[in-house]
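Encoded as structure tokens, the structure appears first; notes follow it.
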There are 2 protein chains.
Amino acid sequence: MTRYQRLAGLLAERIEQGLYQSGERLPSVRILSTEHGVSISTVQQAYHLLEERQLIAPQPRSGYFVTPRKAEPPVPALTRPAQRPVEITQWDAVLELLNARQEKDILQLGSGMPDLNQPTLKPLWKIMSRLGQQQDVRMLNYDNIYGVPELREQIARLAIDGGCHLTPDDIVITTGCHEALSVSIRAICQPGDIVAVESPTFHGTMQSLRGFGIKAIEIPTDSGTGISLEALELALEQWPIKAVVVVPNCNNPLGFIMPESRKRALLALAQRFDVAIVEDDVYGELAYEYPRPVTIKSFDDDGRVLLCSSFSKTVAPGLRVGWVVPGRYLDRVLHMKYIVTGSTATQTQMAAAEFVRQGHYPAHLRRMRQYYQRNLEIFTHWVRHFFPCGICVTRPQGGFLMWIELPEAFDAVKLNKALQEAKLQIAVGSLFSASGKYRNCLRLSYAQPFTERTGKALEILGAAVERAMERCGLSVHAGPSHEQEGRVSERE
Amino acid sequence: MTRYQRLAGLLAERIEQGLYQSGERLPSVRILSTEHGVSISTVQQAYHLLEERQLIAPQPRSGYFVTPRKAEPPVPALTRPAQRPVEITQWDAVLELLNARQEKDILQLGSGMPDLNQPTLKPLWKIMSRLGQQQDVRMLNYDNIYGVPELREQIARLAIDGGCHLTPDDIVITTGCHEALSVSIRAICQPGDIVAVESPTFHGTMQSLRGFGIKAIEIPTDSGTGISLEALELALEQWPIKAVVVVPNCNNPLGFIMPESRKRALLALAQRFDVAIVEDDVYGELAYEYPRPVTIKSFDDDGRVLLCSSFSKTVAPGLRVGWVVPGRYLDRVLHMKYIVTGSTATQTQMAAAEFVRQGHYPAHLRRMRQYYQRNLEIFTHWVRHFFPCGICVTRPQGGFLMWIELPEAFDAVKLNKALQEAKLQIAVGSLFSASGKYRNCLRLSYAQPFTERTGKALEILGAAVERAMERCGLSVHAGPSHEQEGRVSERE
Ligand SMILES: Cc1ncc(COP(=O)(O)O)c(C=O)c1O
Ligand SMILES: Cc1ncc(COP(=O)(O)O)c(C=O)c1O
């Protein structure tokens, strides 16, 4: 470490500890030089370094000041969707997002792809290569309609961590969690039926509902504790709801983990009104807490919960290996699976089974959880740094997705268009509402390694948000947004 | 070759050439011994060999006779389904067939699996192994919703053989032909709609219709020329039919190739009544004629044909790589694909693309066509040999499936149950009808190499059919069945 780096470290520590307060003027170069017995240029270099790190900022003719630390932005309040069954729209916007996925020179801050460059994934490559060498004809043939037996065995073993005691025969393999969700929905519902969803909710689920002619009723959802049970109960009383679809663990897009008591209460509600629960656990294994949170399925004593998941977020989405534990709907789910795809690719199932069987999965999960949690810290720091005040930001408890709520008048769709020029893409909030609500929100992914480019992107994004807000006449100055006050919070 | 084998070969040739006629007494052992200058025991060994091959049969105390050659069984006549829209049943029977697929010690004569042990498939293993070694991260990631671009390029190239000039952007990759069919159907139809199908028709298609609440109207179909256009026209006049689903090339289960004129006429009919055509070409590349027959899609000038296919029958079903060329329904098909699976496994798509790009596909196809055609000859011979008279047998023009029609009173479902003990499975005809017709029919596959076990199986099958027919009081004696006379044939 050079002299100026040591000095910068010392100063940064003092700022951190509050010895130099936010907004305070720092000692002059000359004073510091004397105090620490270093040359003037060493102090100047140290100050430059701190400036680069944005801990201090120069003021023309008056020296350096400690950059004001912004207040932690508040979390989004309980959402307030229109609480009646609606036809689902937004397909065009979803397609746009999907197509953008392919444009290599665009930085995707909105997509749900996991990071695939970690060393703990290396054994998967080896396994795939070995499977090719083994020339087991089974790999080229139609698979059992339930799915490859050894994979179902491994999944049954893994399910114990989520509190479920299953046999391989309780499990049906699917082409990703996507197919798990769509066959589950089809197994329960008829066209014209109503399904309750969290609001916001994953657009894939909503498009599945739409595709089968099902209406969605969006239920208010808290970014810390999940779907409002009070609002859901009211909806169940008022409408002939057939099922509730939830992502209770590391929710997409809000990032919450539903507390166990609320999971139990949700199941009790489902039993009271005799509706099914489709539980999407696709991010569940990426919870930052350890051991991982339990599934609602683990409390299910009458088979009304259909647990859906996949290796898409934890291992690799290109495998398209997912599964459903359909409980009492097993026969219908099998039928629907036969109808939509017949069977799932055999080789990728065998590869996934082998990856788990050889013990690589827990090691990989451990690494990914730490990696995403670390990324979240960095990401949060820079969002706070670059974004104007007046925004709400979630505190994800797992996964790699962050939800940012901007003032009501903000238009994320316009923002996304403006970002195209800067080769940047976010996921606009309206994708996550049946009726196109949440145009003032955006979802960001922090799955990819944080690089200079990401930093630059967040800076551009923050500036664009600020400009847009100013254009709307919205306050961007420091201090907690007044918008937030007086809102109902359901936090436990 | 030993002396007795040479002698046996000579005698077999004479029988083949008609020098010894069917039913005729063969020369005594002594005479032959003198004639050919070989020992008595050599002649006896030669006769035993021919007896084993069932070319001759001993009659107690009177020597050997040439086994009577049976008349070629007639082909099934035009089918006569109930020509009104019906709800589709038969799922339980389909599930039974699917589950049986897994029982290793059962000889599957009913399944639609191709042979996967040919040397021309070896490069595919190498490609899969190499893909693992290359560690291209793209392989583990979500694929483009259209499908891997280089695969679509190769498919566009292949489509030229079927008469289609496509660009990669005309093609959507799916999880097998199954998904291609189900997304096509969903792109065109709403629940409650009516779709016309060939009768008999592939059970997967019918279950897809059923799963989406669509009714099927079964149209009479000829085992040589395909769907009856006259009957279809009547149905189109009478019912609000939305689409026609056909397998015009190497039909499953009837094996016909629709003549080109009829393909054009079918399209004209679809245009006149403004309905869509779902063209399932999954066996089209396995036509015994060369060049392969054209698709209806090749005549399609207003985008109303949705061409569905896959590599499941030609290369390997475990890849689950299929595609649809959806014409004017592209947007809806993309939406439906997103709804049911999101995207298709990336690695198997890349493997298929590479297999074609490297030029292995035409060589493999050539081999498989010859192999299946040769298998058909052997199979036909033994079916004729072991089965009683009074049956009708198709003359497949491609693929590896044969359809056998037994007299009306026959029950193939019962037969299949009886065969379980002998560790044998066929596909019962009723799987191929929306309303469970064709219980008197069975579908056999000749995809697997013809072994002693297959021969034995056909013998058991033939005997069981004969017993069952006798129990029904049906004639099993030689000579063309009288049942067949007077039936309407639509053969061109
Ligand atoms: C909540 C949720 N469920 C399901 C899926 C789909 O998962 P898969 O890629 O396994 O189909 C996603 C992926 O975006 C998701 O975020
Ligand atoms: C006529 C027909 N269409 C479609 C399919 C399904 O093909 P895939 O395995 O590619 O889904 C089959 C397979 O049995 C078939 O026989």
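The sequence lines fix the lettering, A, B, ..., with proteins before strands; numbering per chain opens at 1.
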**Asked** Take atom CD in A:Q133; do more than 12 heavy atoms of anything else shown fall under 6.0 Å from it?
**Response** yes

**Asked** Looking at A:T346, A:N144, A:T348, which one has more heavy-atom pairs under 4.5 Å with chain B than the rest?
**Response** A:N144

**Message:** Testing the basics here: between B:Y146 and A:N99, what is the closest heavy-atom pair and its distance to 0.1 Å?
**Reply:** CE1-OD1, 4.1 Å

**Request:** Go through the atoms of B:L131 and report whether side chain, backbone, both or neither lie under 4.5 Å from a heavy atom of chain A.
**Result:** backbone

**Asked** Considering heavy atoms only, which positions within residues 202-216 of chain A lie below 4.5 Å of chain B?
**Response** A:F202, A:H203, A:G204, A:Q207, A:S208, A:R210, A:G211, A:F212

**Prompt:** If you tally heavy-atom pairs under 4.5 Å against chain B, which of A:Q190, A:R138, A:E179 wins?
**Reply:** A:E179

**Item:** Part of B:D143 lying under 4.5 Å from any heavy atom of chain A
**Value:** backbone

**Prompt:** Between A:D136 and B:W125, what is the shortest heavy-atom contact and its length?
**Reply:** O-CH2, 3.0 Å

**Request:** Could you list the residues that satisfy side-chain hydrogen bond (donor to acceptor under 3.5 Å, both in side chains) with B:D331, not counting sequence neighbours?
**Result:** none

**Item:** Part of A:L181 within contact of chain B (heavy atom distance under 4.5 Å)
**Value:** neither

**Asked** Run the side chain to side chain contact (heavy atoms under 4.5 Å, CB included) check on B:M128 and A:M128 step by step: do they pass?
**Response** CA-CA 8 Å; B:M128 287 183 135; A:M128 287 183 135; over 6 Å; no

**Message:** Need one label for B:I127: side chain, backbone, both or neither, based on atoms under 4.5 Å from any heavy atom in chain A.
**Reply:** neither

**Item:** Side chain, backbone, both or neither of B:T344 within contact of chain A (heavy atoms, under 4.5 Å)
**Value:** backbone

**Prompt:** Are B:Q135 and A:K122 close enough, and set up right, to give a side chain to side chain contact (heavy atoms under 4.5 Å, CB included), and what steps lead you there?
**Reply:** CA-CA 9 Å; B:Q135 310 205 356; A:K122 287 267 187 277; 3.7 Å; yes

**Asked** So which of B:M113, B:Q349, B:R130 has the biggest tally of heavy-atom pairs under 4.5 Å with chain A?
**Response** B:M113

**Message:** Applying a heavy-atom distance below 4.5 Å, give me the residues of residues 334-342 of chain A that approach chain B, sorted by number.
**Reply:** A:L334, A:H335, A:M336, A:Y338, A:I339, A:V340, A:T341, A:G342

**Prompt:** Pick from A:G132, A:G112, A:C177: which one has the most heavy-atom pairs with chain B under 4.5 Å?
**Reply:** A:G132

**Request:** Measure distances from B:R186 to the heavy atoms of chain A and classify the residue's part below 4.5 Å as side chain, backbone, both or neither.
**Result:** side chain

**Prompt:** Listed by residue number, which members of residues 310-321 of chain B have a heavy atom under 4.5 Å from any heavy atom of chain A?
**Reply:** B:S312, B:K313, B:A316, B:P317, B:G318, B:L319, B:R320

**Asked** Does a sphere of radius 6.0 Å around NZ in A:K242 hold more than 12 heavy atoms from other residues, nucleotides or ligands, not counting ones at 6.0 Å or beyond?
**Response** yes

